[in-house]
Amino acid sequence: MIKDITIGQYFNGNSVLHRLDARMKIVLTVAFIVSIFFCKNFWSLGLMVLFTIQTVIISRVPLKMVLKSIKPIAIIVVFTSLLNIFYISGGTTLVDGRYIDITTNGIFTALFMATRIVCLVVISSMLTYTTTPTMLTDAIEKLLSPLKIFKIPVSTLAMMMTLALRFIPTLIDEIDRITNAQKARGANLDDGNFIQRIKALVPIIVPLFVSSLRRAIELADAMDCRCYGGPGRTRMKQMKLRFRDFAALAIMVAFIAGIIVLNYYFGAVLIK
Amino acid sequence: MPILSAKGVAHLYNKGTPSQSKAIYDINIDIEEGELVGIIGHTGSGKSTLVQHFNGILKPECGQIIVDGTDIWSSKKATREARFKVGLCFQYPEYQLFEETVYKDISFGPKNMGLSEEEIDKRVQLAAEYVGLPKSLLDKSPFDLSGGEKRRAAIAGVIAMQPKVLILDEPTAGLDPRGRDKILEMIKSYREKTGSTVLLVSHSMEDVAKIATKVLVMNNARVEMYGTVDEIYSRSEELREIGLNVPQVSKIFEILKKSGLNIGSAYTVEKAAERILSLGGASV
């Protein structure tokens with residue numbers, strides 16, 4: 001059923017990561033993603049993997065869910081690894097084929113790339129697992145608010161994002177209802193070739209559009225009635241940086257410093 | 001042989017998740033051909049879930065749904081046939097309209113049945129006549145109709161399949177009193193003209209009393225009672241216990257009876273007027 005699709009992947013919990021300020025989480029995630037590409041040797045790579053594992057443990061998100069987020073990128077990881085193994089030259093040559101060489105550099109690059117991609121996806125999914133979509137949009141709005149100087153309507157954009165997220169479950173219900181109604185009139189949605197299947201969607205898409213437009217107009221009226229758009233809008237939930245947010249920032253700074261030190265101390269693993 | 005029967009049917013919500021719950025269970029009913037059954041119950045008592053099993057939109061967790069002698073889940077063909085034998089009109093059916101003209105929209109069902117052009121035309125005209133849509137509206141866009149007209153056009157779309165059993169889920173929801181009476185009158189005359197079985201889901205005891213021959217009461221995901229209008233409405237104490245109110249006139253008649261007046265019982269205003277008049281006639 002269409003209802004099984006999970007939109008947003010918030011995992012309800014109460015870990016430290018859940019309670020961190022969403023703005024801080026976004027900033028730290030970006031910092032981590034940048035630092036991923038600093039790692040030049042196995043020591044710093046190891047530190048990064050340790051950090052990632054530690055984050056997952058702290059979040060108390062079940063391992064099964066974390067693995068689920070990696071699943072879609074498995075093919076990309078395997079593919080890039082293979083390309084790297086076959087096409088990167090340099091270092092000691094292990095296999096000397098007629099068309100392809102396998103070198104230590106190739107294997108190391110593949111290993112680095114795979115680890116980086118996996119860590120990147122795991123950490124960014126930690127952000128969405130521990131932050132509700134509304135908190136995320138609020139945080140994005142706050143982080144982008146300096147752009148208001150350039151006359152960019154940041155809060156309007158954020159409201160649009162919030163509304164879009166809010167109406168996804170409603171639309172899914174609506175699709176379900178319309179689909180059932182047309183099925184009751186004998187609509188055949190499961191059989192036929194590609195063209196027939198596309199055509200069979202018309203009886204569902206047209207009513208869906210009609211009701212979405214109606215809903216949008218009603219919502220706009222309701223917002224107007226409550227004077228949306230007036231100046232100086234305040235928030236029910238004020239975002240406030242606490243001690244734990246600064247502690248998290250300190251940990252991230254220490255982590256990046258650690259990576260730089262390890263890089264400097266042990267040198268690069270790839271041989272030019 | 002009953003036209004429609006359910007044997008030990010149960011359905012679960014959110015199966016396999018912590019919030020799993022019984023939507024309906026232990027459903028055993030036989031509905032005879034030609035009846036007009038009012039299905040009443042509280043919001044969330046399982047009325048809509050139950051009727052969605054009758055044409056195979058929902059698949060029961062266990063048990064059988066038998067339409068016209070065949071188990072509708074015995075084969076893919078049987079399931080598809082059930083869709084046409086049992087016409088189900090959902091709540092707020094006007095939101096299913098999609099074609100350019102009302103005519104085309106009503107013909108959607110018959111077209112899916114693979115009928116000939118002539119047959120489709122005949123059925124569309126007939127269905128429009130049953131629901132009282134004037135011919136001039138058939139070439140209009142369904143989105144230009146009024147709310148009540150849209151509702152009737154959508155119901156015509158189901159009637160045009162000429163199902164043996166017609167199920168209407170809250171066909172009067174959100175309509176004004178006049179629109180409501182029009183739809184009820186239409187359902188009644190449709191059944192009288194075609195002789196088909198009709199199931200009417202409603203939470204209005206008044207509406208059901210007006211046109212139904214039998215009443216099925218749902219409560220807490222089960223069938224609580226099933227019987228003729230007289231049988232069910234006379235059990236007003238039990239009905240009240242499960243939160244259903246008998247019509248106001250029946251209450252008045254109950255009080256009259258208690259105070260010693262031999263007046264019988266009535267569930268609709270018309271019937272009540274008749275009774276009172278006959279009482280007057282007797283005394284004159």
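These values consider heavy atoms only, across backbone and side chains, with no hydrogens, waters or symmetry-generated copies. Per chain, numbering begins at 1; letters A, B, ... match sequence-line order.
- The neighbour count for B:Glu118 CD, taken as heavy atoms of other residues, nucleotides or ligands under 6.0 Å away, does not exceed 12.
- Of the atoms belonging to A:Arg214, it is side-chain heavy atoms, and not backbone ones, that fall under 4.5 Å from chain B.
- Atom NZ of B:Lys122 is surrounded by 12 or fewer heavy atoms from other residues, nucleotides or ligands within 6.0 Å.
- There is no contact between B:Tyr92 and chain A, counting heavy-atom distances below 4.5 Å.
- Listed in order of number, the residues of residues 220-228 of chain A that approach chain B to under 4.5 Å between heavy atoms amount to none.
- Applying the 6.0 Å contact sphere to CG of A:Leu213 captures more than 12 heavy atoms from other residues, nucleotides or ligands.
- The two residues B:Phe98 and A:Val206 make their nearest non-hydrogen contact at O-CG1, 3.5 Å.
- More than 12 heavy atoms of other shown residues, nucleotides or ligands fall within 6.0 angstrom of atom CZ in B:Arg80.
- Partner of A:Arg185 under the side chain to side chain contact (heavy atoms under 4.5 Å, CB included) criterion, out of B:Asp105, B:Leu88, B:Ile106: B:Asp105 alone.
- B:Tyr95 and A:Pro207 get closest at one heavy-atom pair: O-CB, 3.1 Å.
- Residues satisfying the side chain to side chain donor-acceptor pair (under 3.5 Å) test with B:Gln162, not counting sequence neighbours, are none.
- Within a 6.0 Å radius of CD in B:Glu129, other residues, nucleotides and ligands contribute 12 heavy atoms or fewer.
- With a 4.5 Å cut-off on non-hydrogen atoms, B:Gln52 touches chain A through its side chain but not through its backbone.
- The neighbour count for B:Glu100 CD, taken as heavy atoms of other residues, nucleotides or ligands under 6.0 Å away, does not exceed 12.
- The number of heavy atoms from other shown groups lying within 6.0 Å of NZ (A:Lys142) is above 12.
- Taking A:Ile205, A:Val210, A:Ile178, A:Ile204 one by one and counting their heavy-atom pairs under 4.5 Å with chain B, the maximum is reached by A:Val210.
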